[in-house]
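Here is the naming used below: chain letters follow the sequence lines, and residue numbers restart at 1 for every chain. Atoms considered below: every heavy atom in the structure, side chains included; atoms not considered: hydrogens, waters and symmetry mates.
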Number of protein chains: 2
Amino acid sequence: MRNIMVTIEYKGTNYCGWQVQNDRLSIQECIENAIHKITNEKVNITSSGRTDAGVHALGQVANFHTNSSIPIEKIPGAINSKLPDDISIIDAKEVESHFHARYSAKKKRYRYVILNSKYKRPIHNDFSYLVKYKLNTDKMIQESKYLIGEHDFRGFMSTGSSVKTTVRTIYDISLKKEEDLIILEVEGNGFLYNMVRIIAGTLVDIGRGKINMSLKDIIESKDRNNAGHTAEGKGLFLKKVYY
Amino acid sequence: MRNIMVTIEYKGTNYCGWQVQNDRLSIQECIENAIHKITNEKVNITSSGRTDAGVHALGQVANFHTNSSIPIEKIPGAINSKLPDDISIIDAKEVESHFHARYSAKKKRYRYVILNSKYKRPIHNDFSYLVKYKLNTDKMIQESKYLIGEHDFRGFMSTGSSVKTTVRTIYDISLKKEEDLIILEVEGNGFLYNMVRIIAGTLVDIGRGKINMSLKDIIESKDRNNAGHTAEGKGLFLKKVYY
(Lines give C-alpha, C1' and ligand atoms only; values in the text may rest on other atoms or scores of the structure.)
Protein backbone atom coordinates (compact mmCIF):
# COMPACT_ATOMS: atom_id res chain seq x y z
CA MET A 1 0.00 0.00 0.00
CA ARG A 2 1.17 3.53 -0.75
CA ASN A 3 1.49 6.05 2.08
CA ILE A 4 0.56 9.55 0.90
CA MET A 5 1.44 12.72 2.81
CA VAL A 6 -0.60 15.78 1.93
CA THR A 7 -0.27 19.44 2.92
CA ILE A 8 -3.62 21.14 3.42
CA GLU A 9 -4.76 24.75 3.59
CA TYR A 10 -8.19 25.39 5.06
CA LYS A 11 -10.47 28.11 6.30
CA GLY A 12 -11.96 26.69 9.47
CA THR A 13 -14.91 29.10 9.79
CA ASN A 14 -17.62 26.68 8.68
CA TYR A 15 -16.31 23.52 10.37
CA CYS A 16 -16.42 21.94 13.81
CA GLY A 17 -12.65 21.48 13.50
CA TRP A 18 -10.41 18.79 12.05
CA GLN A 19 -11.90 15.79 13.77
CA VAL A 20 -15.03 13.92 12.76
CA GLN A 21 -17.96 14.66 15.06
CA ASN A 22 -21.50 13.52 14.84
CA ASP A 23 -23.36 16.78 14.65
CA ARG A 24 -21.32 19.16 12.49
CA LEU A 25 -19.16 18.87 9.41
CA SER A 26 -15.42 18.34 9.98
CA ILE A 27 -12.41 18.93 7.72
CA GLN A 28 -11.33 15.29 8.12
CA GLU A 29 -14.72 14.03 6.93
CA CYS A 30 -14.67 16.27 3.84
CA ILE A 31 -11.20 15.06 2.84
CA GLU A 32 -12.00 11.39 3.52
CA ASN A 33 -15.16 11.72 1.40
CA ALA A 34 -13.21 13.39 -1.40
CA ILE A 35 -10.58 10.62 -1.37
CA HIS A 36 -13.35 8.04 -1.39
CA LYS A 37 -14.85 9.64 -4.48
CA ILE A 38 -11.60 9.46 -6.42
CA THR A 39 -10.20 6.09 -5.18
CA ASN A 40 -13.37 4.24 -4.24
CA GLU A 41 -11.58 3.35 -0.97
CA LYS A 42 -12.72 4.10 2.58
CA VAL A 43 -9.57 5.74 3.91
CA ASN A 44 -8.72 7.05 7.32
CA ILE A 45 -6.70 10.23 7.18
CA THR A 46 -4.41 11.10 10.11
CA SER A 47 -3.37 14.71 10.69
CA SER A 48 -0.46 16.19 12.64
CA GLY A 49 -3.02 17.17 15.25
CA ARG A 50 -6.60 18.30 15.62
CA THR A 51 -7.59 21.89 15.10
CA ASP A 52 -10.65 23.28 16.86
CA ALA A 53 -13.78 24.91 15.41
CA GLY A 54 -13.00 28.07 13.44
CA VAL A 55 -9.22 27.46 13.47
CA HIS A 56 -7.46 27.71 10.09
CA ALA A 57 -4.47 25.98 8.55
CA LEU A 58 -1.90 27.27 6.10
CA GLY A 59 0.04 24.01 6.21
CA GLN A 60 -1.72 21.19 8.05
CA VAL A 61 -0.08 17.85 7.22
CA ALA A 62 -1.88 14.51 7.07
CA ASN A 63 -1.28 11.04 5.65
CA PHE A 64 -3.38 8.17 4.35
CA HIS A 65 -2.79 4.72 2.90
CA THR A 66 -4.15 3.76 -0.49
CA ASN A 67 -3.94 1.12 -3.21
CA SER A 68 -4.84 3.70 -5.81
CA SER A 69 -2.33 4.13 -8.64
CA ILE A 70 -3.10 7.81 -9.31
CA PRO A 71 0.27 9.51 -10.05
CA ILE A 72 1.41 11.58 -7.08
CA GLU A 73 1.43 14.86 -9.03
CA LYS A 74 -2.24 14.38 -9.94
CA ILE A 75 -3.38 13.77 -6.35
CA PRO A 76 -3.86 17.39 -5.16
CA GLY A 77 -5.92 18.36 -8.21
CA ALA A 78 -7.99 15.17 -8.09
CA ILE A 79 -8.87 15.49 -4.39
CA ASN A 80 -9.46 19.25 -4.72
CA SER A 81 -12.00 18.67 -7.47
CA LYS A 82 -14.15 16.92 -4.83
CA LEU A 83 -13.53 19.40 -1.99
CA PRO A 84 -15.41 22.59 -1.11
CA ASP A 85 -13.61 25.91 -1.76
CA ASP A 86 -12.54 26.32 1.87
CA ILE A 87 -10.33 23.19 1.91
CA SER A 88 -7.45 22.63 -0.51
CA ILE A 89 -4.63 20.10 -0.88
CA ILE A 90 -1.62 22.24 -1.78
CA ASP A 91 1.02 19.47 -1.91
CA ALA A 92 1.31 15.66 -1.97
CA LYS A 93 4.30 13.37 -1.52
CA GLU A 94 4.74 9.61 -1.39
CA VAL A 95 6.36 8.70 1.94
CA GLU A 96 7.72 5.57 3.62
CA SER A 97 5.24 3.21 5.22
CA HIS A 98 6.25 4.11 8.79
CA PHE A 99 5.58 7.84 8.32
CA HIS A 100 2.80 9.05 10.64
CA ALA A 101 1.63 12.67 10.36
CA ARG A 102 1.22 12.95 14.13
CA TYR A 103 3.97 10.81 15.65
CA SER A 104 6.62 11.75 13.10
CA ALA A 105 6.14 15.52 13.60
CA LYS A 106 9.17 17.23 15.16
CA LYS A 107 8.09 20.86 15.35
CA LYS A 108 5.04 22.98 14.66
CA ARG A 109 4.61 26.66 13.93
CA TYR A 110 1.38 28.51 14.68
CA ARG A 111 0.30 32.02 13.78
CA TYR A 112 -2.15 34.00 15.88
CA VAL A 113 -3.66 37.20 14.48
CA ILE A 114 -5.02 39.92 16.77
CA LEU A 115 -6.91 42.80 15.17
CA ASN A 116 -6.48 45.86 17.36
CA SER A 117 -9.17 48.19 16.09
CA LYS A 118 -11.91 50.39 17.48
CA TYR A 119 -14.38 48.92 14.99
CA LYS A 120 -15.01 45.50 13.42
CA ARG A 121 -13.18 45.03 10.14
CA PRO A 122 -14.98 42.88 7.56
CA ILE A 123 -11.87 42.00 5.57
CA HIS A 124 -10.19 40.49 8.64
CA ASN A 125 -13.26 39.22 10.46
CA ASP A 126 -12.96 35.46 9.87
CA PHE A 127 -9.18 35.47 10.26
CA SER A 128 -8.49 37.47 13.41
CA TYR A 129 -9.47 38.11 17.01
CA LEU A 130 -10.85 41.64 17.44
CA VAL A 131 -9.53 43.48 20.51
CA LYS A 132 -10.92 47.00 20.92
CA TYR A 133 -8.81 47.98 23.96
CA LYS A 134 -5.60 49.92 23.36
CA LEU A 135 -2.71 47.46 23.54
CA ASN A 136 0.88 48.16 24.53
CA THR A 137 2.57 46.17 21.76
CA ASP A 138 6.11 46.91 22.98
CA LYS A 139 5.31 45.36 26.33
CA MET A 140 3.72 42.34 24.63
CA ILE A 141 6.88 41.85 22.52
CA GLN A 142 9.14 42.08 25.60
CA GLU A 143 7.04 39.67 27.65
CA SER A 144 6.66 37.15 24.83
CA LYS A 145 10.41 36.42 24.99
CA TYR A 146 9.92 34.58 28.33
CA LEU A 147 8.14 31.82 26.43
CA ILE A 148 11.31 30.70 24.67
CA GLY A 149 12.97 27.57 26.02
CA GLU A 150 11.84 24.44 27.84
CA HIS A 151 9.09 25.10 30.40
CA ASP A 152 6.30 23.33 32.18
CA PHE A 153 3.32 24.97 30.45
CA ARG A 154 0.71 23.45 32.78
CA GLY A 155 -0.77 26.93 33.35
CA PHE A 156 -1.36 27.30 29.61
CA MET A 157 -3.56 24.28 29.03
CA SER A 158 -7.33 23.90 28.92
CA THR A 159 -8.81 20.88 30.60
CA GLY A 160 -10.17 18.12 28.39
CA SER A 161 -6.97 16.45 27.20
CA SER A 162 -4.78 13.85 28.85
CA VAL A 163 -1.04 14.25 28.34
CA LYS A 164 1.93 12.43 29.88
CA THR A 165 3.88 15.62 30.44
CA THR A 166 3.10 19.33 30.28
CA VAL A 167 6.72 20.23 29.51
CA ARG A 168 7.20 21.72 26.06
CA THR A 169 10.01 23.58 24.31
CA ILE A 170 9.40 26.83 22.44
CA TYR A 171 12.12 27.47 19.85
CA ASP A 172 10.95 30.75 18.41
CA ILE A 173 8.54 33.59 19.16
CA SER A 174 7.81 36.51 16.87
CA LEU A 175 5.36 39.32 17.53
CA LYS A 176 4.93 42.10 14.97
CA LYS A 177 2.57 44.98 14.44
CA GLU A 178 1.40 45.53 10.85
CA GLU A 179 -1.03 48.46 10.77
CA ASP A 180 -4.00 47.30 12.90
CA LEU A 181 -2.87 43.68 13.05
CA ILE A 182 -0.66 42.16 15.74
CA ILE A 183 0.80 38.94 14.39
CA LEU A 184 2.16 36.39 16.84
CA GLU A 185 4.07 33.33 15.67
CA VAL A 186 5.13 30.51 17.98
CA GLU A 187 7.28 27.53 17.07
CA GLY A 188 7.73 24.58 19.40
CA ASN A 189 8.20 20.83 19.68
CA GLY A 190 4.58 20.43 20.72
CA PHE A 191 1.62 22.30 22.13
CA LEU A 192 -0.87 21.54 24.89
CA TYR A 193 -4.62 21.85 24.37
CA ASN A 194 -5.43 25.54 23.62
CA MET A 195 -1.85 26.53 24.50
CA VAL A 196 -1.38 29.04 21.65
CA ARG A 197 -4.78 30.61 22.28
CA ILE A 198 -4.03 30.96 26.01
CA ILE A 199 -0.62 32.47 25.19
CA ALA A 200 -2.34 34.96 22.84
CA GLY A 201 -5.04 35.77 25.42
CA THR A 202 -2.44 36.25 28.16
CA LEU A 203 -0.37 38.59 25.96
CA VAL A 204 -3.54 40.60 25.18
CA ASP A 205 -4.36 40.85 28.90
CA ILE A 206 -0.79 41.99 29.59
CA GLY A 207 -0.94 44.46 26.68
CA ARG A 208 -4.10 46.11 27.95
CA GLY A 209 -2.86 46.20 31.55
CA LYS A 210 -5.38 43.72 32.93
CA ILE A 211 -2.60 41.35 34.02
CA ASN A 212 0.38 42.93 35.77
CA MET A 213 2.25 39.72 36.58
CA SER A 214 5.18 39.02 34.28
CA LEU A 215 4.81 36.17 31.81
CA LYS A 216 7.93 34.67 33.40
CA ASP A 217 6.16 34.43 36.77
CA ILE A 218 2.93 33.19 35.21
CA ILE A 219 4.80 30.31 33.54
CA GLU A 220 6.66 29.47 36.76
CA SER A 221 3.44 29.48 38.80
CA LYS A 222 2.07 26.62 36.62
CA ASP A 223 -1.37 27.93 37.51
CA ARG A 224 -4.04 28.37 34.84
CA ASN A 225 -5.66 31.06 36.99
CA ASN A 226 -2.65 33.33 36.61
CA ALA A 227 -2.67 33.13 32.81
CA GLY A 228 -5.12 35.14 30.70
CA HIS A 229 -8.24 34.24 28.78
CA THR A 230 -8.35 31.79 25.87
CA ALA A 231 -8.32 33.95 22.74
CA GLU A 232 -10.87 33.10 19.99
CA GLY A 233 -10.23 30.21 17.63
CA LYS A 234 -10.75 32.27 14.49
CA GLY A 235 -7.42 34.14 14.99
CA LEU A 236 -5.40 30.89 14.99
CA PHE A 237 -3.59 29.33 12.02
CA LEU A 238 -1.54 26.11 11.99
CA LYS A 239 1.21 27.49 9.77
CA LYS A 240 3.71 24.68 9.32
CA VAL A 241 4.57 21.18 10.56
CA TYR A 242 8.21 20.07 10.48
CA TYR A 243 9.31 16.44 10.07
CA MET B 1 -29.71 69.24 8.55
CA ARG B 2 -26.35 67.65 9.28
CA ASN B 3 -24.31 66.15 6.45
CA ILE B 4 -22.39 63.07 7.63
CA MET B 5 -19.50 61.55 5.73
CA VAL B 6 -18.68 57.93 6.61
CA THR B 7 -15.80 55.66 5.63
CA ILE B 8 -16.88 52.06 5.12
CA GLU B 9 -15.05 48.75 4.96
CA TYR B 10 -16.94 45.81 3.46
CA LYS B 11 -16.53 42.30 2.24
CA GLY B 12 -18.58 42.20 -0.94
CA THR B 13 -18.86 38.40 -1.27
CA ASN B 14 -22.48 38.11 -0.18
CA TYR B 15 -23.86 41.23 -1.86
CA CYS B 16 -25.07 42.24 -5.31
CA GLY B 17 -22.82 45.29 -4.98
CA TRP B 18 -23.22 48.76 -3.53
CA GLN B 19 -26.40 49.76 -5.28
CA VAL B 20 -29.91 48.77 -4.25
CA GLN B 21 -31.39 46.14 -6.58
CA ASN B 22 -34.67 44.35 -6.38
CA ASP B 23 -33.59 40.75 -6.16
CA ARG B 24 -30.45 40.60 -4.00
CA LEU B 25 -29.18 42.37 -0.92
CA SER B 26 -26.99 45.44 -1.48
CA ILE B 27 -24.50 47.21 0.78
CA GLN B 28 -26.40 50.49 0.39
CA GLU B 29 -29.64 48.90 1.56
CA CYS B 30 -28.01 47.40 4.64
CA ILE B 31 -26.50 50.74 5.65
CA GLU B 32 -29.71 52.70 4.98
CA ASN B 33 -31.65 50.18 7.06
CA ALA B 34 -29.12 50.43 9.90
CA ILE B 35 -29.30 54.25 9.87
CA HIS B 36 -33.09 54.01 9.85
CA LYS B 37 -32.98 51.82 12.95
CA ILE B 38 -30.89 54.30 14.92
CA THR B 39 -32.34 57.63 13.68
CA ASN B 40 -35.87 56.61 12.68
CA GLU B 41 -35.27 58.52 9.46
CA LYS B 42 -35.49 57.18 5.89
CA VAL B 43 -32.15 58.36 4.59
CA ASN B 44 -30.59 58.07 1.18
CA ILE B 45 -26.88 57.37 1.33
CA THR B 46 -24.66 58.43 -1.58
CA SER B 47 -21.33 56.69 -2.15
CA SER B 48 -18.24 57.80 -4.08
CA GLY B 49 -19.28 55.23 -6.67
CA ARG B 50 -20.94 51.87 -7.08
CA THR B 51 -19.01 48.70 -6.57
CA ASP B 52 -20.10 45.51 -8.34
CA ALA B 53 -21.08 42.12 -6.91
CA GLY B 54 -18.26 40.51 -4.91
CA VAL B 55 -16.11 43.66 -4.93
CA HIS B 56 -14.74 44.76 -1.55
CA ALA B 57 -13.93 48.12 0.01
CA LEU B 58 -11.24 49.10 2.47
CA GLY B 59 -12.28 52.74 2.37
CA GLN B 60 -15.50 53.42 0.51
CA VAL B 61 -16.81 56.89 1.34
CA ALA B 62 -20.46 57.89 1.48
CA ASN B 63 -22.56 60.70 2.89
CA PHE B 64 -26.09 61.16 4.17
CA HIS B 65 -28.20 63.96 5.61
CA THR B 66 -29.85 63.63 9.00
CA ASN B 67 -31.64 65.59 11.71
CA SER B 68 -30.40 63.17 14.33
CA SER B 69 -28.37 64.66 17.16
CA ILE B 70 -26.23 61.59 17.84
CA PRO B 71 -22.69 62.87 18.61
CA ILE B 72 -20.40 62.27 15.63
CA GLU B 73 -18.00 60.00 17.58
CA LYS B 74 -20.90 57.68 18.47
CA ILE B 75 -22.10 57.28 14.89
CA PRO B 76 -19.81 54.44 13.71
CA GLY B 77 -20.53 52.27 16.74
CA ALA B 78 -24.27 52.97 16.61
CA ILE B 79 -24.63 52.12 12.91
CA ASN B 80 -22.31 49.10 13.23
CA SER B 81 -24.49 47.65 15.98
CA LYS B 82 -27.24 47.30 13.33
CA LEU B 83 -25.00 46.06 10.51
CA PRO B 84 -23.97 42.49 9.62
CA ASP B 85 -20.33 41.51 10.27
CA ASP B 86 -19.28 42.01 6.67
CA ILE B 87 -20.02 45.77 6.62
CA SER B 88 -18.45 48.25 9.04
CA ILE B 89 -18.34 52.03 9.43
CA ILE B 90 -14.72 52.76 10.34
CA ASP B 91 -14.92 56.55 10.47
CA ALA B 92 -17.47 59.39 10.54
CA LYS B 93 -17.08 63.15 10.08
CA GLU B 94 -19.47 66.04 9.96
CA VAL B 95 -19.01 67.87 6.63
CA GLU B 96 -20.35 71.01 4.94
CA SER B 97 -23.77 70.84 3.33
CA HIS B 98 -22.39 70.95 -0.23
CA PHE B 99 -20.15 67.90 0.25
CA HIS B 100 -21.19 65.06 -2.08
CA ALA B 101 -19.37 61.72 -1.81
CA ARG B 102 -19.44 61.23 -5.58
CA TYR B 103 -19.07 64.71 -7.08
CA SER B 104 -16.57 65.98 -4.52
CA ALA B 105 -14.18 63.03 -5.03
CA LYS B 106 -10.84 64.06 -6.57
CA LYS B 107 -8.94 60.76 -6.76
CA LYS B 108 -9.52 57.09 -6.06
CA ARG B 109 -7.16 54.25 -5.33
CA TYR B 110 -8.04 50.63 -6.10
CA ARG B 111 -6.24 47.43 -5.21
CA TYR B 112 -6.49 44.29 -7.30
CA VAL B 113 -5.21 40.99 -5.89
CA ILE B 114 -4.17 38.13 -8.20
CA LEU B 115 -3.41 34.78 -6.60
CA ASN B 116 -0.87 32.99 -8.78
CA SER B 117 -1.05 29.43 -7.50
CA LYS B 118 -1.33 25.93 -8.91
CA TYR B 119 -4.12 25.12 -6.45
CA LYS B 120 -7.02 27.02 -4.88
CA ARG B 121 -6.12 28.68 -1.59
CA PRO B 122 -8.94 28.85 0.99
CA ILE B 123 -7.43 31.72 2.99
CA HIS B 124 -7.37 33.98 -0.09
CA ASN B 125 -10.39 32.62 -1.92
CA ASP B 126 -12.90 35.42 -1.33
CA PHE B 127 -10.30 38.16 -1.71
CA SER B 128 -8.35 37.29 -4.84
CA TYR B 129 -8.56 36.13 -8.45
CA LEU B 130 -6.94 32.73 -8.88
CA VAL B 131 -4.69 32.41 -11.93
CA LYS B 132 -3.09 28.98 -12.34
CA TYR B 133 -0.90 29.84 -15.35
CA LYS B 134 2.71 30.84 -14.76
CA LEU B 135 2.93 34.63 -14.92
CA ASN B 136 5.90 36.77 -15.89
CA THR B 137 5.62 39.34 -13.13
CA ASP B 138 8.60 41.39 -14.32
CA LYS B 139 6.95 41.90 -17.69
CA MET B 140 3.66 42.82 -16.00
CA ILE B 141 5.47 45.43 -13.88
CA GLN B 142 7.20 46.93 -16.94
CA GLU B 143 4.02 47.06 -19.01
CA SER B 144 1.92 48.51 -16.20
CA LYS B 145 3.96 51.74 -16.34
CA TYR B 146 2.33 52.65 -19.66
CA LEU B 147 -0.93 53.26 -17.80
CA ILE B 148 0.44 56.32 -16.03
CA GLY B 149 -0.69 59.68 -17.37
CA GLU B 150 -3.72 61.03 -19.22
CA HIS B 151 -5.11 58.59 -21.78
CA ASP B 152 -8.31 57.78 -23.58
CA PHE B 153 -9.17 54.48 -21.87
CA ARG B 154 -12.06 53.64 -24.21
CA GLY B 155 -10.56 50.18 -24.80
CA PHE B 156 -10.72 49.50 -21.03
CA MET B 157 -14.43 49.99 -20.47
CA SER B 158 -17.31 47.51 -20.38
CA THR B 159 -20.50 48.52 -22.10
CA GLY B 160 -23.43 49.43 -19.90
CA SER B 161 -22.48 52.90 -18.70
CA SER B 162 -22.82 56.27 -20.33
CA VAL B 163 -19.97 58.70 -19.80
CA LYS B 164 -19.24 62.10 -21.33
CA THR B 165 -15.59 61.32 -21.88
CA THR B 166 -13.42 58.21 -21.70
CA VAL B 167 -10.28 60.22 -20.93
CA ARG B 168 -8.89 59.54 -17.46
CA THR B 169 -5.62 60.28 -15.68
CA ILE B 170 -3.69 57.61 -13.81
CA TYR B 171 -1.37 59.13 -11.21
CA ASP B 172 0.20 56.02 -9.78
CA ILE B 173 0.60 52.32 -10.53
CA SER B 174 2.19 49.77 -8.24
CA LEU B 175 2.55 46.05 -8.90
CA LYS B 176 4.25 43.84 -6.33
CA LYS B 177 4.71 40.13 -5.83
CA GLU B 178 4.27 38.91 -2.23
CA GLU B 179 4.73 35.14 -2.16
CA ASP B 180 1.85 33.78 -4.29
CA LEU B 181 0.01 37.10 -4.45
CA ILE B 182 0.46 39.74 -7.13
CA ILE B 183 -0.88 43.02 -5.81
CA LEU B 184 -1.78 45.77 -8.24
CA GLU B 185 -2.69 49.26 -7.06
CA VAL B 186 -4.00 51.97 -9.37
CA GLU B 187 -4.67 55.58 -8.45
CA GLY B 188 -6.48 57.93 -10.77
CA ASN B 189 -8.87 60.86 -11.09
CA GLY B 190 -11.67 58.51 -12.12
CA PHE B 191 -12.34 55.09 -13.56
CA LEU B 192 -14.58 53.82 -16.34
CA TYR B 193 -16.95 50.88 -15.83
CA ASN B 194 -14.84 47.74 -15.07
CA MET B 195 -11.64 49.66 -15.94
CA VAL B 196 -9.52 48.27 -13.09
CA ARG B 197 -10.72 44.71 -13.72
CA ILE B 198 -9.93 45.02 -17.44
CA ILE B 199 -6.49 46.47 -16.61
CA ALA B 200 -5.89 43.49 -14.26
CA GLY B 201 -7.14 40.98 -16.84
CA THR B 202 -4.98 42.55 -19.57
CA LEU B 203 -1.88 42.43 -17.36
CA VAL B 204 -2.61 38.75 -16.58
CA ASP B 205 -2.97 37.99 -20.30
CA ILE B 206 0.31 39.79 -20.99
CA GLY B 207 1.99 37.99 -18.06
CA ARG B 208 1.00 34.54 -19.34
CA GLY B 209 1.93 35.39 -22.93
CA LYS B 210 -1.58 35.28 -24.34
CA ILE B 211 -1.37 38.93 -25.41
CA ASN B 212 1.84 40.00 -27.14
CA MET B 213 0.82 43.57 -27.95
CA SER B 214 2.30 46.17 -25.62
CA LEU B 215 -0.04 47.87 -23.18
CA LYS B 216 1.05 51.17 -24.76
CA ASP B 217 -0.33 50.06 -28.14
CA ILE B 218 -3.45 48.56 -26.59
CA ILE B 219 -4.27 51.89 -24.94
CA GLU B 220 -3.57 53.83 -28.16
CA SER B 221 -5.77 51.49 -30.20
CA LYS B 222 -8.79 52.45 -28.04
CA ASP B 223 -10.22 49.06 -28.96
CA ARG B 224 -11.77 46.82 -26.29
CA ASN B 225 -10.90 43.79 -28.44
CA ASN B 226 -7.18 44.41 -28.02
CA ALA B 227 -7.37 44.55 -24.23
CA GLY B 228 -7.61 41.38 -22.12
CA HIS B 229 -10.43 39.74 -20.22
CA THR B 230 -12.31 41.32 -17.32
CA ALA B 231 -10.75 39.86 -14.16
CA GLU B 232 -13.12 38.60 -11.44
CA GLY B 233 -14.79 41.05 -9.06
CA LYS B 234 -13.66 39.25 -5.91
CA GLY B 235 -10.01 40.38 -6.42
CA LEU B 236 -10.98 44.07 -6.42
CA PHE B 237 -10.89 46.47 -3.45
CA LEU B 238 -11.81 50.15 -3.41
CA LYS B 239 -8.92 51.22 -1.19
CA LYS B 240 -9.25 54.95 -0.74
CA VAL B 241 -11.17 57.99 -1.97
CA TYR B 242 -9.45 61.37 -1.87
CA TYR B 243 -11.32 64.70 -1.48
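Minimum interatomic distance between H124(A) and E9(B) (heavy atoms only, all atoms of both residues): N-OE2, 4.4 Å. Here the closest heavy-atom approach between residue P122(A) and residue K11(B) is recorded as CB-N, 3.7 Å. Pairing each heavy atom of I123(A) with each of H56(B), the nearest pair is CD1-CB, 4.0 Å.
Formation of a donor-acceptor pair under 3.5 Å by the K118(A) side chain with backbone atoms of D91(B) is not found in this model.
Enclosure of atom OH in Y171(B) by more than 12 non-hydrogen atoms of other residues, nucleotides or ligands within 6.0 angstrom is indicated. Under a cut-off of 6.0 angstrom, the local environment of NZ in K134(B) is sparse, with at most 12 non-hydrogen atoms contributed by other residues, nucleotides or ligands. The 12-atom threshold is not exceeded at NZ of K240(B), counting heavy atoms of other residues, nucleotides or ligands nearer than 6.0 Å.
Contact of N80(A) with chain B is made through backbone and side chain together, with heavy-atom distances under 4.5 Å. Contacts between L83(A) and chain B at a heavy-atom distance below 4.5 Å involve backbone atoms as well as side-chain atoms.
Separating the NZ atom in K120(B) from the CD1 atom in I89(A) is a distance of 9.0 Å, to the nearest 0.5 Å.
Ranked by heavy-atom pairs under 4.5 Å with chain A, the first of S88(B), G77(B), P84(B) is S88(B). Between chain B and the residues G12(A), A57(A), P76(A), S117(A), the most heavy-atom pairs under 4.5 angstrom are made by P76(A). Annotation: maximal heavy-atom pairing with chain B below 4.5 Å, among T13(A), D86(A), D126(A), D85(A), occurs at D85(A).
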